[in-house]
2 protein chains.
Amino acid sequence: MGPSIYAIPLSGSSTMPRQLLTVDERRKLALIASIRRFSPGEFLFHEGEPATVIFNIIAGVAKSVSSLEDGRQAVVAFFFSHDLVGMFEASRYAQSTQAVTALTAYCLPIDALERMLRHDPNLQLHFLCKVSHELRAAQHQAIALGRYGALQKIGLFLDFLDRHPDMHTDDDDRITIPMDRADIADHVGLTIESVSRMLQQLHRTGVIQLDGRHRFRIINRCALNRLISGAMATDATLDAFIPEHNHSNGHTS
Amino acid sequence: MGPSIYAIPLSGSSTMPRQLLTVDERRKLALIASIRRFSPGEFLFHEGEPATVIFNIIAGVAKSVSSLEDGRQAVVAFFFSHDLVGMFEASRYAQSTQAVTALTAYCLPIDALERMLRHDPNLQLHFLCKVSHELRAAQHQAIALGRYGALQKIGLFLDFLDRHPDMHTDDDDRITIPMDRADIADHVGLTIESVSRMLQQLHRTGVIQLDGRHRFRIINRCALNRLISGAMATDATLDAFIPEHNHSNGHTS
DNA sequence: CGTCTACTTGAAGTGAGTCAATAATGGTGG
DNA sequence: CCACCATTATTGACTCACTTCAAGTAGACG
């Protein structure tokens with residue numbers, strides 16, 4: 001079918017992401033695109049390399065990683081199907097990007113793409129819309145990283161996964177966690193241990209059900225929403241929002 | 001002269017922001033623009049309002065503020081001359097934006113601007129470039145908020161001010177801090193008290209010199225760079241990087 | 001079935017937040 | 001021009017959430 005870009009449009013009233021490209025635009029983009037596959041852990045490109053292509057993910061998950069000078073790394077963003085990957089500046093990629101799962105993506109050469117955008121303002125407007133969408137996501141992420149507590153960050157992250165149709169692969173309401181704990185930690189600005197503790201806490205208090213390391217289910221959506229809204233941050237307060245939670249388990253003692 | 005947009009270009013090799021618009025583009029944009037002035041504290045627009053115009057700052061400083069559900073606020077970004085203000089989505093502004101200082105800006109009606117962008121792909125590409133620039137800035141901010149310590153955040157913020165030519169208004173090397181401590185705190189994800197403490201610490205250790213509440217000077221650029229690079233975070237380690245710092249001055253009295 | 005890696009759990013340390021008091025600024029009117 | 005007051009900033013003592021360090025445990029894979 002050809003490349004596909006989802007985002008919330010700039011104009012109009014829909015507040016849910018939708019396909020930005022017309023059938024015709026997708027067909028035209030397909031003419032300059034090739035399909036590439038990556039294995040888990042494989043790099044799509046490295047930070048600082050000359051930028052030659054942009055990827056449009058068809059299936060799978062990728063992460064953009066920025067190395068902090070002190071050796072740690074920050075996962076700047078995760079990318080799913082219908083996303084564009086390949087942020088660059090001054091002709092060079094701004095971050096390294098790596099496949100998290102097996103990945104299939106359209107590969108769009110930048111020079112051909114730029115020529116196409118220069119001749120097709122409507123198409124270009126769709127790219128502008130997608131980048132704006134990413135900007136708002138990055139701003140939201142910045143707020144979360146700077147102001148939210150550990151539990152809230154994890155709650156928000158689980159909600160983020162829930163919003164992605166790709167993560168609902170099973171026939172039931174279970175949600176896939178494609179990345180490992182270290183990736184989550186580096187994304188939300190916590191340690192692996194804190195991520196684990198918060199997940200277990202949400203599990204213990206009956207907000208979510210953890211089903212192995214890479215799957216979970218939202219049991220109490222109401223409590224999760226309250227958590228995300230930031231009404232509270234401690235587990236004591238959390239318990240108060242859970243209707244019939246058996247207090248005789250967890251809680252030390 | 002007409003609207004003006006600075007950013008690091010996507011293509012090319014310059015890694016410093018430069019004027020993206022041609023003289024002709026600026027003249028054409030001036031035809032749809034009007035000039036508006038705002039007093040300190042005045043709102044340019046409010047979050048959720050229907051988006052009708054985008055501002056291009058000529059002089060002064062603005063801040064985009066997002067209200068956290070618990071009553072606190074986050075300063076998502078500060079805007080200076082040559083910046084575009086008026087992020088929107090689904091036809092509505094994404095955040096409230098407020099003048100920090102007296103502000104002069106071009107006011108560009110969105111519908112007229114969109115028509116212009118649809119007819120001028122080169123101009124649109126410059127807007128795409130500017131939004132990409134903001135995206136990278138937001139990602140960088142997210143990393144800083146999530147992973148850096150308080151001292152490093154403040155060091156980074158002072159460096160950010162230093163990079164803006166607008167803040168170098170005096171004939172010497174003093175830099176203006178246009179916003180108050182609360183704005184800084186809400187921007188870097190700290191409390192007012194922590195901002196104050198970190199500023200005083202940098203002052204005490206001779207890295208900067210504070211000159212009133214809204215002005216400072218970088219005394220030891222080397223130490224500041226090391227701080228930003230994240231080599232260390234404590235003041236003990238900081239002292240070690242300061243060659244010949246007279247410990248007998250500062251310190252009250 | 002065993003080994004390796006990824007994850008979980010616990011105990012102790014620490015950096016930033018909170019609360020509270022003091023000090024500096026800046027604007028206003030005497 | 002100076003005294004006053006409201007606002008904004010600084011400083012200190014204490015608390016707590018998250019990190020760090022150190023075991024343990026469970027999945028994944030050969």
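FYI, side chains are in, hydrogens and waters are out, and symmetry mates aren't considered; it's all heavy atoms of this structure. Here is the naming used below: chain letters follow the sequence lines, and residue numbers restart at 1 for every chain.
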Does [X] get its side chain close enough to the base of [N], under 3.5 Å, for a donor-acceptor pair?
X        : N      : value
B/Arg197 : C/dT18 : yes
B/Arg181 : D/dT11 : no
B/Glu193 : C/dC19 : yes

So what does B/Arg213 hit on the nucleic acid, given a heavy-atom distance under 4.0 Å: a base, only sugar-phosphate, or nothing?
-> base
Give A/Leu190 one of three labels, base, sugar-phosphate or nothing, depending on what nucleic acid heavy atoms sit under 4.0 Å from its own.
-> sugar-phosphate
Any [X] side-chain nitrogen or oxygen under 4.0 Å from OP1 or OP2 of [N]:
X        : N      : value
A/Thr191 : D/dT19 : yes
A/Ser194 : D/dC18 : no
A/Ser196 : C/dC7  : no

Is any NZ, NE, NH1 or NH2 atom of the basic residue among A/Asp180 and A/Arg213 found under 4.0 Å from an Asp or Glu carboxylate oxygen of the other?
-> no
Would A/Arg217 and A/Asp211 pass as an ion pair if we require N to O under 4.0 Å?
-> no
Counting side-chain heavy atoms from C-beta on, which of D/dT8, D/dT10, C/dA6 comes nearest to B/Gln200?
-> D/dT10
Proximal nucleotide (of C/dT8, C/dG17, C/dC7) relative to the A/Ile192 side chain | C/dT8
Rounded to the nearest angstrom, tell me the gap between atom CE in B/Met198 and atom C1' in D/dT10.
-> 13 Å
Any idea how B/Phe160 and B/Phe78 line up, ring-wise: parallel (<30°), tilted (30 to 60°), or perpendicular (>60°)?
-> tilted
Output, in order, the C-alpha distance, side-chain angles, deciding distance and verdict of side-chain hydrogen bond (donor to acceptor under 3.5 Å, both in side chains) for B/His168 and B/Asp173.
-> CA-CA 7 Å; B/His168 290 274; B/Asp173 53 356; over 6 Å; no
